[in-house]
Amino acid sequence: MENIKIKLTRDKYNFRFKQYEGTYFHGEVKDENMVKYKITKDEAGLELKEFGNTHIKDNMIFIPQIDAYIDLKK
């Protein structure tokens, strides 16, 4: 299983919801398409803001809270 950690910044990723700017997306790939994730206020992943499940499609991960797909190749 693969782990993904992304810092959500508006200058790097195009998303609408300002309250998620500067937070961290921590994802654990469970199988080919499903990802268990949490969004935290800190890089260590201790200050939880949101959590849930999402999916990967065409090497892009969907983050529902920011309503955006993020390219995993970047």
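All values derive from a computational prediction rather than experimental measurement. Heavy-atom basis, side chains included; hydrogens, waters and symmetry copies ignored.
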Practice task
Identify whether Ile4 and Ile66 are in the same connected component of the hydrophobic contact network (ILVMFWY, side-chain heavy atoms under 4.5 Å).
Solution key: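 Yes, Ile4 connects to Ile66 through the hydrophobic network.
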
Handout entry: Check: Leu46 and Thr40 side chains under 4.5 Å, non-hydrogen atoms
Key =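 No, too far: nothing below the 4.5 Å cut-off.
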
Handout entry: Validation row: Ile56, Val35 side chains within 4.5 angstrom (heavy atoms)
Key =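 Result yes, sub-4.5 Å side-chain heavy-atom pair found.
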
Problem - Check: Gly27 main-chain N/O paired with Lys38 side-chain donor or acceptor under 3.5 Å - result: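 Judged by distance alone, no pair lies under 3.5 Å.
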
Handout entry: Distance-minimising heavy-atom pair for Asp31 and Val29
Key =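 For Asp31 and Val29, the tightest heavy-atom pair comes out as O-CG1, 3.0 Å.
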
Problem - Residues which pass side-chain contact (heavy atoms from CB on, under 4.5 Å) with Asn59, listed by chain and number, not counting sequence neighbours - result: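 Counting only residues at least two positions away or on another chain, Asn59 forms a side-chain contact (heavy atoms from CB on, under 4.5 Å) with Asp71, Leu72, Lys73.
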
Problem - side-chain contact (heavy atoms from CB on, under 4.5 Å) against Phe62, all qualifying residues, sequence neighbours excluded - result: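 Result, side-chain contact (heavy atoms from CB on, under 4.5 Å) vs Phe62: Thr54, His55, Pro64, Asp67, Tyr69.
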
Handout entry: From Lys7 atom NZ to Glu21 atom CD, the distance as rounded to the nearest 0.5 Å
Key =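 Here the rounded value is 9.0 Å.
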
Practice task
To the nearest 0.5 Å, tell me how far Leu8 CG sits from Thr23 OG1.
Solution key: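 The distance works out to 4.0 Å.
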
Handout entry: side-chain hydrogen bond (donor to acceptor under 3.5 Å, both in side chains) partners of Asp11, counting only residues at least two apart
Key =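 Asp11: side-chain hydrogen bond (donor to acceptor under 3.5 Å, both in side chains) contacts with Thr9.
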
Problem - Qualifying residues under salt bridge (charged side-chain N to carboxylate O under 4.0 Å, His left out), relative to Lys5, sequence neighbours excluded - result: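 Salt bridge (charged side-chain N to carboxylate O under 4.0 Å, His left out) list for Lys5, sorted by chain: Glu43.
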
Exercise for the section: Mind jotting down which residue pairs meet the salt bridge (Lys or Arg N to Asp or Glu O under 4.0 Å) criterion with at least one end in residues 44-58? Sequence neighbours excluded, please. Expected result: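 Counting only pairs at least two positions apart or across chains, no salt bridge (Lys or Arg N to Asp or Glu O under 4.0 Å) contact touches residues 44-58.
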
Handout entry: Where at least one partner belongs to residues 16-35, residue pairs that pass ring-ring contact (aromatic ring centres under 6.0 Å, His included), sequence neighbours excluded
Key =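 Every ring-ring contact (aromatic ring centres under 6.0 Å, His included) pair that includes a residue of residues 16-35, provided the two are not neighbours, is Phe25-Tyr37.
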
Exercise for the section: For the pair Ile63 and Ile39, evaluate side chain to side chain contact (heavy atoms under 4.5 Å, CB included) and give the outcome as yes or no after the intermediate values. Expected result: CA-CA 10 Å; Ile63 302 176; Ile39 296 176; 4.1 Å; yes

